[in-house]
Number of protein chains: 2
Amino acid sequence: MANDKVTSNDVARLAGVSQSAVSRYFTPGTSVSKKTAEKIRAAAEELGYRPNVLARSLITGRSRIIGLVVAYLENYFYPEVVERLSKALQDQGYHVLVFISSIASENVDQITQEILDYQVDGIVLASANMSSELAARCHASGVPIVLFNRLQDDVRLSAVTSDNRAGGRALADLLVSLGHTRCGYIAGFEGASTQRDREQGFCEGLEAAGLTLFARGVGNFRYDEAQAAARRMFAGPDRPDAVFVCNDHMAFAVMDVLRFELGLAIPGDVSVVGFDDVPPARWPAYNLTTIRQNVDDMVAETVATLMQSIKEGEGAARRVILDGTLVQRGSTAQKTPTDETR
Amino acid sequence: MANDKVTSNDVARLAGVSQSAVSRYFTPGTSVSKKTAEKIRAAAEELGYRPNVLARSLITGRSRIIGLVVAYLENYFYPEVVERLSKALQDQGYHVLVFISSIASENVDQITQEILDYQVDGIVLASANMSSELAARCHASGVPIVLFNRLQDDVRLSAVTSDNRAGGRALADLLVSLGHTRCGYIAGFEGASTQRDREQGFCEGLEAAGLTLFARGVGNFRYDEAQAAARRMFAGPDRPDAVFVCNDHMAFAVMDVLRFELGLAIPGDVSVVGFDDVPPARWPAYNLTTIRQNVDDMVAETVATLMQSIKEGEGAARRVILDGTLVQRGSTAQKTPTDETR
DNA sequence: ACCCATTTTGCATACGTATGAAAGGCTGAA
DNA sequence: TTCAGCCTTTCATACGTATGCAAAATGGGT
């Protein structure tokens with residue numbers, strides 16, 4: 001790899017000081033006289049020297065690398081998370097090592113093993129679950145884990161998520177208040193806490209209004225599977241008058257099927273609501289009513305959780321549940337006769 | 001960090017062999033007897049030992065980390081690239097360390113310095129430029145660089161890109177063949193080779209048909225700026241009858257403005273074409289005619305280029321230019337009177 | 001049993017860096 | 001001028017691992 005590697009020993013030689021002085025010059029909180037510092041600065045600049053982060057990690061036990069596991073970036077929500085999380089950590093002097101897992105999380109344990117090989121200072125799991133065996137392993141290694149937009153029962157796992165249940169509840173309340181009486185639900189991946197909590201909140205909201213779920217499908221967080229679920233749900237004569245789709249990504253698919261395959265009007269014939277408020281939800285083509293996840297705050301809490309765990313070690317796992325925001329747009333409307341004359 | 005770190009010395013002690021034997025057991029191509037191997041395997045398993053990749057890098061000069069610089073993940077094209085590139089490299093035993101740069105690339109040099117601190121085995125620059133000074137630095141360090149979807153004149157920089165110029169040309173030819181005579185163009189970021197080449201090909205195609213560019217705007221690869229550019233382009237009475245938008249991401253914005261703000265029909269009043277064929281281009285809401293970039297082949301070529309450079313050192317920079325594919329969808333149609341009666 | 005060629009093993013060292021401890025240098029007060 | 005306290009520097013070592021080299025072990029042939 002390095003044909004021309006400059007080390008702290010080269011700098012020390014040129015500056016006429018010890019390697020130890022060079023190291024201290026580049027280590028915050030240590031003492032170097034002004035005179036020595038200037039000699040080192042000049043030598044380092046002349047030779048183009050920068051400390052080797054990996055060699056440092058051997059001594060300090062800190063790699064300044066955070067492992068990030070994501071299952072897919074197809075859903076606009078996660079690219080935004082990756083981008084913001086990387087930036088936020090970059091600002092803290094850390095960098096993100098990306099690992100791609102499968103949607104069903106069946107290879108997360110293997111991937112986490114690989115992550116640990118890199119002596120990461122922490123791990124963020126976005127849209128993935130971790131076995132308790134691996135959670136124990138990370139805990140024993142002192143590597144903090146933060147679940148992003150997921151919850152697990154393991155007390156060793158910190159988590160930052162939106163209040164998915166309250167979000168689902170709010171969407172049910174909204175649809176009921178708009179006069180909807182036959183509400184359907186299209187689920188994400190059944191093994192995900194986000195899917196479970198959103199559905200739970202939604203059903204609770206319906207129940208509070210004396211309703212039950214009118215129809216249910218499964219989209220597995222995939223555009224094509226959500227399309228298929230919508231086709232099935234709307235195949236017969238008994239159709240929902242509103243659909244809560246577990247996330248925006250799938251909601252776009254459902255909307256596309258309803259409009260372009262079935263010739264239905266949204267919200268005239270059926271209201272559609274999603275969850276996330278990813279960019280296309282705001283685009284006029286979709287104009288989707290949804291729950292906005294506050295990605296900035298989630299990222300900030302994730303970084304804060306990681307930094308605290310890294311700094312203080314042990315510590316109890318931290319769970320942060322942030323409120324989402326109901327954003328009402330053009331995919332929902334009052335279900336009244338006047339609605340149909342527009 | 002590690003409270004309970006298991007080293008090869010621990011394994012050696014338990015197995016009753018030397019640390020050297022443990023190391024050889026975990027290093028491909030070295031010799032260990034079956035008897036010794038079994039003792040080491042059992043000890044390593046009992047202790048949960050895995051080699052420390054970072055410590056290894058000190059000896060081998062190989063970190064098995066690839067630095068990836070991306071400017072934004074807002075455009076659906078790049079999340080897909082990150083995902084596939086990460087997977088492809090993961091399969092080769094490498095992992096991607098992500099760095100987020102700004103769109104205008106003004107901080108790429110600083111970021112590249114940081115990347116080099118991690119002793120990366122290679123760097124991929126997606127949608128970013130690198131200064132020749134830094135290119136020289138990487139070259140001196142023996143770190144191969146591959147530009148992804150970008151071209152630069154520096155002979156030290158390998159690149160993998162689509163034939164953007166031919167793609168732009170093909171789109172011009174298509175629009176002309178469909179009878180369009182007033183073709184507009186909305187540019188991406190002016191400092192990007194993709195933007196320059198796509199526009200160049202488009203203008204060459206128009207010129208070959210005896211036409212010139214009817215109108216031009218700049219969208220800087222941003223949804224909101226593309227919206228503004230569309231509003232300006234269609235503000236007066238002299239409007240284009242077709243628009244080539246430099247990438248799909250911006251094309252969606254232009255389509256949204258034309259339809260929902262100006263009440264224009266696509267393709268009845270104006271045809272719109274993009275570049276990339278990102279997932280929403282295939283969605284019925286957009287149904288966009290575009291040039292498909294073969295991401296799988298681009299990723300494969302990028303990985304092949306990196307692996308070759310890492311394995312063989314020096315080597316001449318490699319430039320791979322792949323053909324895109326014209327995908328004709330519902331955003332374009334024949335511009336005839338019969339068109340207007342539908 | 002002996003010899004030879006090959007495989008296997010352990011020793012010693014190095015990779016690039018940070019750090020504890022001891023020694024040296026500097027500064028201010030008596 | 002001397003002394004005490006604090007700052008600065010260097011030496012020696014360690015971090016976890018791979019590898020060159022010499023010695024030991026192994027297996028096959030005579």
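Here is the naming used below: chain letters follow the sequence lines, and residue numbers restart at 1 for every chain. No hydrogens, no waters, no symmetry mates; every other heavy atom, side chains included, goes into these values.
When distances are taken from the side chain of I59(B) to each of dC15(D), dT9(D), dA18(D), the shortest belongs to dA18(D). Considering only side-chain atoms of N52(B), the nucleotide from dT17(D), dG10(C), dT19(C) that sits closest is dT17(D). Nearest to the side-chain atoms of R24(B) among the listed nucleotides dT9(C), dT19(C), dA18(D) stands dT9(C). With distances taken from any side-chain atom of S20(B) to the nucleotides dG16(C), dT17(D), dT19(D), the minimum falls on dT19(D).
Between E80(A) and R84(A) there is a salt bridge, with a side-chain nitrogen of the basic residue lying less than 4.0 Å from a carboxylate oxygen of the acidic one. Ionic pairing of E133(A) and R137(A) is not present here: no N-O contact between side-chain nitrogen and carboxylate oxygen is shorter than 4.0 angstrom. Taking 4.0 Å as the cut-off between side-chain N and carboxylate O, E301(A) and R318(A) count as a salt-bridged pair.
Note on ring orientation: taking the six-membered ring where Trp is involved, the planes of F77(B) and F148(B) are tilted (angle from 30° to 60°).
To the nearest angstrom, C1' of dT17(C) lies 13 Å from CG of D117(B). Nucleotide dT10(D) holds its P atom 13 Å from the CG atom of N9(A), rounded to whole Å. Rounded to an integer number of Å, the gap from I40(B) CD1 to dA18(D) P is 12 Å. What separates CZ of R62(B) from P of dC15(C) is a distance of 17 Å, to the nearest Å. When rounded to the nearest whole Å, the span between CG of L58(A) and P of dT19(C) equals 12 Å. Atom C1' of nucleotide dC15(C) and atom CD of Q19(A) are separated by 12 Å, given to the nearest angstrom. Whole-Å rounding puts the R50(A) CZ to dG16(C) C1' distance at 16 Å. Regarding F26(A), its CZ atom lies at a distance of 17 Å from the C1' atom of dT19(C), rounded to whole Å.
Note on V32(B): only backbone sugar-phosphate atoms sit closer than 4.0 angstrom, heavy atoms only; bases stay farther off.
Between dA18(C) and T27(A), a contact under 4.0 Å exists linking OP1 or OP2 to a side-chain N or O. Remark: Y49(B) is in phosphate contact with dT17(D), judged by side-chain N or O atoms under 4.0 Å from OP1 or OP2. Phosphate proximity of dT17(D) to R56(B): absent, as no side-chain N or O sits under 4.0 Å from OP1 or OP2. The phosphate of dT8(D) has OP1 or OP2 within less than 4.0 Å of a side-chain N or O from S31(A).
Judged purely by distance below 3.5 Å, without hydrogens or angles, the side chains of S23(B) and S20(B) never pair a donor atom with an acceptor atom.
Nearest-nucleotide assignment on DNA chain C puts the 5′-proximal partner with A21(B), out of S23(A) and A21(B). When each of V53(A) and S18(B) is assigned the nucleotide of DNA chain C with its nearest heavy atom, S18(B) is the one assigned upstream, toward the 5' end.
No hydrogens or angles were tested; on distance alone, nothing pairs the side chain of S33(A) with the base of dC7(D) as donor and acceptor under 3.5 Å.
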